[in-house]
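Scroll down for the structure; my scribbles are underneath it.
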There are 2 protein chains.
Amino acid sequence: MYLRHADLWRAIDDLARDHGYTISALARRAGLDPSAFNKSKRGSPDGRLRWPSLESLAKILDVTGVTPLEFFGFSAPTGTDSARGQLRLLPTMGQREASEREPFDADGFPVGKHWDPLPFPELADRQAYGVTIAGDAAEPVYRDGDIVIASPRAALKRGDRALVRTISGRMIACAFIRRTAGKLEIRPFGAAPETHDTRGIAFAHRIVWASQ
Amino acid sequence: MYLRHADLWRAIDDLARDHGYTISALARRAGLDPSAFNKSKRGSPDGRLRWPSLESLAKILDVTGVTPLEFFGFSAPTGTDSARGQLRLLPTMGQREASEREPFDADGFPVGKHWDPLPFPELADRQAYGVTIAGDAAEPVYRDGDIVIASPRAALKRGDRALVRTISGRMIACAFIRRTAGKLEIRPFGAAPETHDTRGIAFAHRIVWASQ
DNA sequence: AACGCGCAAGGAAAATAGTCCTCTTCCGGT
DNA sequence: ACCGGAAGAGGACTATTTTCCTTGCGCGTT
């Protein structure tokens with residue numbers, strides 16, 4: 001079953017929340033009855049499942065400005081094989097803003113509300129995020145304005161492109177060389193290899209996509 | 001209106017046809033009544049629109065093996081402003097296969113049925129497509145297995161990455177230098193600049209995204 | 001030509017979703 | 001503490017969709 005009852009209703013809940021509505025407010029804004037998405041409208045007392053109609057769905061997509069494609073990207077169940085071929089909205093932020101703020105948690109995963117959603121094809125890593133390159137430090141590989149998509153969970157091997165964050169907040173796009181117990185070796189693009197003490201490094205994430 | 005009545009019904013017709021069903025056969029295979037998608041079920045005599053239910057839609061997606069995402073990608077109306085913000089299914093093909101086949105029309109746009117759909121974020125160019133790099137000729141910029149997304153309509157300027165096709169079918173990933181009346185100057189990655197007679201070139205498309 | 005079969009249309013009945021209404025809870029403002 | 005408003009639940013009714021049924025058409029086979 002590609003389109004599952006529970007996923008669909010979760011996606012509607014997410015849609016409302018992400019646009020600052022309660023489910024009753026969303027229904028009202030869409031011209032529906034406020035109770036249209038009530039719990040009692042999602043299943044009968046006898047256990048039979050109830051589905052919203054496509055007409056209702058079309059109306060709430062319109063008032064939230066979400067396309068059907070994005071919505072069904074949202075509705076992809078998490079952490080299952082059925083997510084294959086699905087789309088995601090990837091949190092994305094400018095390189096400078098990412099340096100000035102602290103938009104990562106202790107594990108190096110993106111958190112907070114300053115990220116902009118970028119629709120993107122399936123990535124195995126649900127923690128992936130995007131950063132817009134600022135300046136020419138990463139020339140000639142990345143140019144000002146390029147977007148790189150980083151995957152915190154992806155394994156890094158020699159030669160991979162990586163996005164490294166220092167504990168001071170600096171975000172460095174580079175080629176990964178190796179990491180040992182106490183040292184991280186990287187080669188910033190267009191520069192000589194560097195060795196960093198890992199105590200000064202917040203994380204190194206593999207770059208999986210880049211705009212050109 | 002993102003999700004339009006006519007587009008939806010057209011997408012259902014396409015879904016049936018593309019899987020070798022008539023609409024009544026598709027309904028029957030999905031466990032529905034054969035008349036479920038009849039013309040009389042798409043609108044009332046008084047002009048009121050009728051929509052299929054999500055439950056029916058889920059059933060026909062299951063029997064055809066089409067994900068909601070693919071379905072609503074297909075259902076997106078083409079060539080209209082309403083495509084803005086949409087996610088797209090980008091035709092994608094391996095570099096070798098692209099060389100062996102002739103999957104582009106005379107204008108350099110992807111055609112034919114050997115392309116695999118890759119979900120991808122909005123691109124202004126509705127003719128964009130993907131190619132999977134084969135071999136190490138494009139090292140160090142692109143590695144074997146990388147996917148590059150090319151945009152036939154994007155303007156090319158010096159330094160842009162480009163995907164060039166010769167009339168013999170060779171697909172070359174390179175940096176674009178300039179194009180004059182009769183000559184195309186490119187720099188294959190990790191090699192010296194080359195000048196080609198434009199009579200031997202089918203097209204040069206800008207690469208807008210690349211997996212890393 | 002006659003027949004069988006699948007397809008499609010459409011009307012009437014049955015099933016399902018939406019609306020209207022009431023009730024209760026929660027939360028912020030005064 | 002009180003009040004007003006919104007949220008959410010659920011029951012009864014209305015509206016819409018699906019199913020069941022019949023009819024007619026087109027096509028291939030006999």
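Convention: sequence-line order gives letters A, B, ...; per-chain numbering from 1.
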- Terminal contacting nucleotides, 5' and 3', DNA chain D versus chain B (heavy atom, 4.0 Å):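 Boundary nucleotides touching chain B, in 5' to 3' order, are D:dT16 to D:dC20.
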- Message: So which atom in B:Leu156 and which in B:Ala162 form the shortest heavy-atom distance, rounded to 0.1 Å?
- Response: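 Taking every non-hydrogen atom into account, CD2-CB, 3.9 Å.
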Contacts table for residues 174-183 of chain A: side-chain donor-acceptor under 3.5 angstrom, sequence neighbours left out:
from: A:Arg178; atom 1: NH1; to: A:Glu185; atom 2: OE1; distance (Å): 3.0
from: A:Arg178; atom 1: NH1; to: A:Glu185; atom 2: OE2; distance (Å): 2.6
from: A:Thr180; atom 1: OG1; to: A:Lys183; atom 2: N; distance (Å): 3.3
from: A:Thr180; atom 1: OG1; to: A:Lys183; atom 2: O; distance (Å): 3.4

- Mind running side chain to side chain contact (heavy atoms under 4.5 Å, CB included) on B:Trp51 and B:Lys41 for me, showing each step along the way? CA-CA 8 Å; B:Trp51 301 68; B:Lys41 306 299 190 290; over 6 Å; no
- Query: Contacts to DNA chain D from residues 54-62 of chain A, heavy-atom cutoff under 4.0 Å, which residues?
  - Reply: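 Residues of residues 54-62 of chain A under 4.0 Å from DNA chain D: none.
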[atom1] of [X] versus [atom2] of [N]: gap in Å, rounded?
| X | N | atom1 | atom2 | value |
| --- | --- | --- | --- | --- |
| B:Asp13 | C:dA8 | CG | C1' | 12 Å |
| A:His5 | C:dT16 | NE2 | C1' | 12 Å |
| A:Arg28 | C:dT19 | CZ | C1' | 15 Å |
| B:Leu32 | C:dT16 | CG | C1' | 14 Å |

- Query: Hey, is the side chain of A:Arg50 poking within less than 4.0 Å of OP1 or OP2 on C:dT16, counting only N and O atoms?
  - Reply: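 Answer no for this pair, as no side-chain N or O of A:Arg50 is under 4.0 Å from OP1 or OP2.
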For [X], which residues count as a side chain to side chain contact (heavy atoms under 4.5 Å, CB included) partner, sequence neighbours excluded?
| X | value |
| --- | --- |
| B:Arg143 | A:Asp160, A:Arg206, B:Glu139, B:Asp146 |
| B:Asp33 | B:Ser35 |
| B:Arg29 | B:Tyr21 |

- Query: Looking for any heavy atom pair under 4.0 Å, which part of the strands does B:Pro52 touch: base, sugar-phosphate only, or nothing?
  - Reply: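 Sugar-phosphate only.
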- Please name all residues satisfying salt bridge (Lys or Arg N to Asp or Glu O under 4.0 Å) with A:Arg17, sequence neighbours left out, ordered by chain then number.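 Once residues adjacent in sequence are excluded, the partners of A:Arg17 under the salt bridge (Lys or Arg N to Asp or Glu O under 4.0 Å) criterion are A:Asp14.
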- Pairing residues for B:Asp13 by the salt bridge (Lys or Arg N to Asp or Glu O under 4.0 Å) criterion, not counting sequence neighbours: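 B:Asp13: salt bridge (Lys or Arg N to Asp or Glu O under 4.0 Å) contacts with B:Arg42.
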- Task: Describe, in one word, how the ring planes of B:His5 and B:Trp9 are oriented to each other, choosing from parallel (under 30°), tilted (30 to 60°) and perpendicular (over 60°).
- Result: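 B:His5 and B:Trp9: perpendicular rings.
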Distances under 3.5 Å only, N/O to N/O: pair up the protein atoms with those of nucleotides 10-12 of chain C.
from: C:dG10; atom 1: N7; to: B:Asn38; atom 2: ND2; distance (Å): 3.3
from: C:dG10; atom 1: N7; to: B:Ser40; atom 2: OG; distance (Å): 3.4
from: C:dG11; atom 1: O6; to: B:Lys41; atom 2: NZ; distance (Å): 3.3

- First encountered from the 5' end of DNA chain C, between B:Ser53 and B:Ile23: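 Its nearest nucleotide being more 5', the pick is B:Ile23.
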- Query: Just by distance, do the side chain of B:Ser211 and the backbone of A:Trp209 share a donor-acceptor pair under 3.5 Å?
  - Reply: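 Not a single qualifying donor-acceptor pair exists.
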- Message: If we ignore hydrogens and angles and just use 3.5 Å, is the side chain of A:His19 paired with the main-chain N or O of A:Thr64 as donor and acceptor?
- Response: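 A pair under 3.5 Å: yes.
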- Message: If the helix axis at each end comes from five base pairs, how far does the helix from C:dA1-D:dT30 to C:dT30-D:dA1 deviate from straight, to 10°?
- Response: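 Taking the rotation axis at each end, their angle is 30°.
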- Message: Checking A:Thr198 now: which residues fulfil side-chain hydrogen bond (donor to acceptor under 3.5 Å, both in side chains) with it, not counting sequence neighbours?
- Response: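 With sequence neighbours excluded, A:Thr198 shows a side-chain hydrogen bond (donor to acceptor under 3.5 Å, both in side chains) to no residue whatsoever.
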- According to the salt bridge (Lys or Arg N to Asp or Glu O under 4.0 Å) rule, which pairs have a member within residues 47-66 of chain A, sequence neighbours left out?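 For residues 47-66 of chain A, and leaving out neighbouring residues, there are no salt bridge (Lys or Arg N to Asp or Glu O under 4.0 Å) pairs at all.
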